[in-house]
Amino acid sequence: ATTAKTDLADAWNYAVGMDDSPDRNVAIASIISGSDAKSLGDVATLVMQLPAGPAQLSAVSALSTSWLKSDSSAFNTWMAALPQGDVQDAALVQFSISPQGVRHPLNAFNKANSITNPDLRATQVQVVLNTWAAKSPQSALDAVATANLTAEQKATIVQTLTKNSAAGN
């Protein structure tokens, strides 16, 4: 275990020391996706030490995807402990589009609806509701009323869902 932690730390330090570029983000994502379920808690600590910004958000997305595949309970505990803002929003987005989110659309909707960035929230709520409507159009339409969105955004979603439902029948 000590060797794995040392290897993880060495790889992480190398990647983080790279110039801020897409290559660095790919290297960080590669480390995350290559980590086993037991190491993801350590990886989460490292991700949270990255400077706030696009690289950290990219790493949060990669971590969320990996953790949701291997230990969704640990992911949910970590996500719930994140402070509200961009980092938690990135994790919420990944949950809302994950296989768990697709299987549990109300849970995915609630996560998407709690995103703090209003534009991102509107987009993710729409994505979740579109997926949900494919299985249960009326449930998705009913959920729109409780969405943390403007009246205009809700009307647009209802129009889209209604149009999609009519096209599917």
Within the side chain of Q153, is there an N or O that forms a donor-acceptor pair under 3.5 Å with the backbone of A122? no
Does Q138 offer a backbone N or O that forms a donor-acceptor pair with the side chain of S136 under 3.5 Å? no
Tracing side-chain links under 4.5 Å among I, L, V, M, F, W and Y, which residues wind up in one group with I97?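 Joined to I97, directly or through intermediates: V127.
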Is any side-chain heavy atom of W78 closer than 4.5 Å to one of L40?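 No - every pair of side-chain heavy atoms lies 4.5 Å or more apart.
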Heavy-atom side-chain proximity of F109 to T146 below 4.5 angstrom: yes
What's the shortest heavy-atom distance between A90 and V60, and which atoms?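 Heavy atoms of A90 and V60 come nearest at CB-CG1, 3.8 Å.
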Is there a continuous path of hydrophobic side-chain contacts, each under 4.5 Å between heavy atoms, that joins L129 to V158?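 L129 clusters together with V158.
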Any donor-acceptor N or O pair under 3.5 Å, side chains Q84, T116: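 No pair is found: no donor N or O on one side chain lies under 3.5 Å from an acceptor on the other.
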OG1 (T160) and CG (N130) are apart, to the nearest 0.5 Å, by 7.0 Å
R24 and A55 have their tightest heavy-atom pair at NH2-CB, 3.4 Å
Connected via hydrophobic side-chain network under 4.5 Å: V87 and W12: yes
Supply the atom-to-atom distance D36 CG to D71 CG, rounded to the nearest 0.5 angstrom. 11.5 Å
Carefully, step by step, assess M18 and D23 under the rule side-chain contact (heavy atoms from CB on, under 4.5 Å). CA-CA 8 Å; M18 295 171 68; D23 288 342; 4.0 Å; yes
Any non-hydrogen side-chain atom of L8 less than 4.5 Å from a side-chain atom of L46? yes
Rounded distance [0.5 Å steps], CG in D7 versus OG in S35: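 That separation rounds to 11.0 Å.
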Would you say that M79 contacts K111 through its side chain, given a criterion of any heavy-atom pair below 4.5 Å between the two side chains?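 The answer is yes, as the side chains (C-beta and beyond) meet within the 4.5 Å cut-off.
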Between the side chain of S72 and the main-chain N/O of L68, is any donor-acceptor distance below 3.5 Å?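 Such a contact is absent between S72 side chain and L68 backbone.
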Regarding Q159 and T156, do their side chains bring together a donor and an acceptor under 3.5 Å, going by distance alone?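 Result is no, nothing qualifies.
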Over all heavy atoms of both residues, which pair between S66 and S33 is shortest? Give the atoms and the distance, please.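 Shortest heavy-atom contact: OG-CA, 3.5 Å.
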Would F75 and I31 show up in the same hydrophobic cluster when neighbours are defined by side-chain heavy atoms closer than 4.5 Å?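 Yes: a chain of side-chain contacts under 4.5 Å links F75 to I31.
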Show me the pairs that pass salt bridge (charged side-chain N to carboxylate O under 4.0 Å, His left out) and involve residues 129-157, at least two apart or across chains.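 Applying salt bridge (charged side-chain N to carboxylate O under 4.0 Å, His left out) to every pair that reaches into residues 129-157, excluding sequence neighbours, yields nothing.
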Answer yes or no: is there a donor N or O on one side and an acceptor on the other, between the side chain of N117 and the main chain of D119, under 3.5 Å? yes
Given the rule that I, L, V, M, F, W and Y join up when any side-chain heavy atoms are under 4.5 Å apart, are W132 and V102 in one cluster?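 They do not share one cluster, since no chain of ILVMFWY contacts under 4.5 Å joins W132 to V102.
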Under 3.5 Å side-chain donor-acceptor pair for S39 and D42: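 No.
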With heavy-atom distances below 4.5 Å as the criterion, would you say the side chains of L92 and S114 are in contact?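 Yes, side chains in contact.
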side-chain contact (heavy atoms from CB on, under 4.5 Å) assessment of L63 paired with Q94: CA-CA 9 Å; L63 173 62; Q94 292 308 308; over 6 Å; no
Partners passing side chain to side chain contact (heavy atoms under 4.5 Å, CB included) against A59 (at least two apart in sequence or in another chain): I28, I32, V47, L50
Going by heavy atoms in the side chains, are Q56 and Q49 under 4.5 Å from each other?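 Q56 does not reach Q49 side chain to side chain.
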Classify the side-chain pair S58/N25 by whether it contains a donor and acceptor separated by less than 3.5 Å. no
Would a 4.5 Å heavy-atom cut-off, applied to side chains only, mark S64 and F95 as touching?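 With C-beta onward as the side chain, the pair stays apart.
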Looking at D89 and I115, would you say the former's side chain and the latter's main chain have a donor-acceptor pair under 3.5 Å?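 No, D89 side chain to I115 backbone: no donor-acceptor pair under 3.5 Å.
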Under 3.5 Å, side chain of S30 to main-chain N/O of V26, donor-acceptor pair present?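 Here the side-chain-to-backbone pair does not exist.
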Any side-chain heavy atom of R121 sitting closer than 4.5 Å to one from L149?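 When only atoms from C-beta onward are counted, L149 and R121 do touch, with a gap below 4.5 Å.
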